[in-house]
**Q** 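Following this message is one structure expressed as structure tokens.
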2 protein chains.
Amino acid sequence: MIGSLEFKESTHPMSLTALKRQPAEQLATEALKESILAGDLKPGERLTEAALADQFAVSRGTVRTALHQLSRDRLVVLTPYTGWAVATIDRQDLWEIYTLRSSLERLAARLAAERMNDDGRARLAGVRDAFFAACERADVAVAVDSDFSLHRTIVELSGNRRLLDQYLMVEQQIRLFINSTYASAPNLSVAIAHHSPIVDAILAGDGEAAAGHSEHHVLSEGERVLAMVDHAG
Amino acid sequence: MIGSLEFKESTHPMSLTALKRQPAEQLATEALKESILAGDLKPGERLTEAALADQFAVSRGTVRTALHQLSRDRLVVLTPYTGWAVATIDRQDLWEIYTLRSSLERLAARLAAERMNDDGRARLAGVRDAFFAACERADVAVAVDSDFSLHRTIVELSGNRRLLDQYLMVEQQIRLFINSTYASAPNLSVAIAHHSPIVDAILAGDGEAAAGHSEHHVLSEGERVLAMVDHAG
DNA sequence: TCATGGTCGATTGCTGACAATCGACCATGA
DNA sequence: TCATGGTCGATTGTCAGCAATCGACCATGA
């Protein structure tokens, strides 16, 4: 078994990516990103390069590169010669995020519907079923994850890598907001009714309907979040 | 004349923004970006950190940070432990870029129309007039720049900073493609007819019409570029 | 009491040097 | 002729240290 590792490339081509050596810069970027998205580091919290370097056991330069990467995703902000901080998200930010997301998902749903094939149908149906099952079990934690997975799968099925890149940036900021404010609490009872039309249209290859349903769903979700912020302060 | 350069800052208070100290990292990023977008560095061309550091008279670490920034914009690509190269753009890339752009501009046009006010109207009309004038003069160089300015202005008027960020990424990649393949040559005779409906709808505050015209314009432009690539090889 | 100016610690900005890795080349032998 | 293994130059990956800058604190004096 161990000896077979040498032949991994020929016998298990899927695991080839695992062999690729990951520079510490990338590892540090991922670790820091997870710390932020998981809510360990709250929005507005100060970050010092030296402390992070110590925590991750790498050099300050490496941490610096990672911070610069995350600043491009608007997860951290830099005040020159002063310091880094986890990004904060106000009402204007939420409006920007959800209007932009509605546009990206509208395109993704249309493209996914137009390019749909048997493999894509099986994959999308599988993710949908897992999401709906979690909703019926009222398993909030799993449902929230599955919700993200479903939307992300649609974007992946669009076949547009740049669209996926930009969508992931938006998704990260939503996760940052949710995990820092405990504002998740989706209405699981209506989640199935809200997502079914989107998935059905994509599975049926109806790009126009998929685009409309998707855009509308994200916009109404955005209004729900904004209303919640306005109410809770 | 030369001596007056020293007093630029005090005699021209408008250049206060120029007083803001720009870290060399940012200067290097901008300079490198311009070299790529201007076509001095062609797609696929190898970039070595040491050579760039020597050229810009900064350290390798600074150049490295700049390269990482540009890699997030897909202007350069890094092969670990091997080297950097200016990004190449193939047919799939062009499809991704123009479908994504159509979606972003669709949203921008709608938002710009919905938020339109007197200041915005004056600004948009001014940019439009400059563009149309260049078209009538058959001034290709100015027309190409004005074309970008017009589209960018609409996105800026949307009031969505994240939308602007993502649009600028797409715009940069289009400039990279155009300036490296001399594929500009827009049809100036129809440019006015193609852009008028978009601008008119935005000025009139008709978001739905602006969105439709904008999306359609970019998609047809994308098809034109793809056809040109297929024909010219 | 309040404005002013200076000092100091903390943090980022930047650099040069060393280690790790890769791709090309070449010698070797069947 | 071709496969094999090793060597070497080139390039990126990483690090520790010094310089530049900022914000807070404090002493001073009107």
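All chains are named by letter (A, B, ...) in the order of the sequence lines, taking the proteins before the strands, and each is independently numbered beginning at 1.
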**Q** According to side chain to side chain contact (heavy atoms under 4.5 Å, CB included), who are the partners of Thr153(B), at least two apart in sequence or on a separate chain?
**A**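 Here the qualifying residues are Arg123(B), Leu124(B), Val127(B), Leu157(B).
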
**Q** Strictly below 4.0 Å, N to O, side chains only: are Asp118(A) and Arg121(A) in salt-bridge contact?
**A**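 Here Asp118(A) pairs with Arg121(A) in a salt bridge, since their nearest N and O are under 4.0 Å apart.
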
**Q** Starting at the 5' end of nucleotides 9-14 of chain C, put B wherever the base has a protein heavy atom under 4.0 Å, S where only the sugar-phosphate does, and a dash everywhere else.
**A** --SBBS

**Q** Kindly state each residue pair satisfying ring pair (Phe, Tyr, Trp, His ring centres under 6.0 Å) with at least one member in residues 88-116 of chain B, sequence neighbours excluded.
**A**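 As it turns out, there is no ring pair (Phe, Tyr, Trp, His ring centres under 6.0 Å) pair with a partner in residues 88-116 of chain B once direct neighbours are skipped.
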
**Q** Could you state the CG-P distance from Asp54(B) to dT12(D), rounded to the nearest angstrom?
**A**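 So the CG-P distance, Asp54(B) to dT12(D), works out to 14 Å.
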
**Q** Any Lys/Arg nitrogen of Asp165(A) or Arg72(B) sitting under 4.0 Å from an Asp/Glu carboxylate oxygen of the other?
**A**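 No, no charged N to carboxylate O under 4.0 Å.
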
**Q** Between which residue ranges does DNA chain D form stems of three or more consecutive Watson-Crick or G-U wobble pairs, both distances under 3.5 Å?
**A**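 Result, WC/G-U stems under 3.5 Å: C:1-30 with D:1-30.
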
**Q** Mind checking side chain to side chain contact (heavy atoms under 4.5 Å, CB included) for Glu223(B) and listing every partner two or more places apart, or none if nothing turns up?
**A**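 Testing Glu223(B) for side chain to side chain contact (heavy atoms under 4.5 Å, CB included), a comparison that skips the adjacent residues, returns none.
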
**Q** Show which side-chain atoms of residues 27-38 of chain B pair as donor or acceptor with protein atoms under 3.5 Å away, not counting sequence neighbours.
**A**
| residue | atom | partner | partner atom | Å |
| --- | --- | --- | --- | --- |
| Thr29(B) | OG1 | Glu25(B) | O | 2.8 |
| Ser35(B) | OG | Ala31(B) | O | 3.2 |

**Q** I'd like to know whether Leu104(A) forms a side-chain contact (heavy atoms from CB on, under 4.5 Å) with Leu100(B), so could you lay out the CA-CA distance, the side-chain angles of the two residues, the decisive distance to 0.1 Å, and finally the verdict.
**A** CA-CA 8 Å; Leu104(A) 297 177; Leu100(B) 179 56; 3.9 Å; yes

**Q** Ring-plane angle category for His151(A) and His217(A), please: parallel below 30°, perpendicular beyond 60°, tilted otherwise.
**A**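 Aromatic pair His151(A)/His217(A) classed parallel.
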
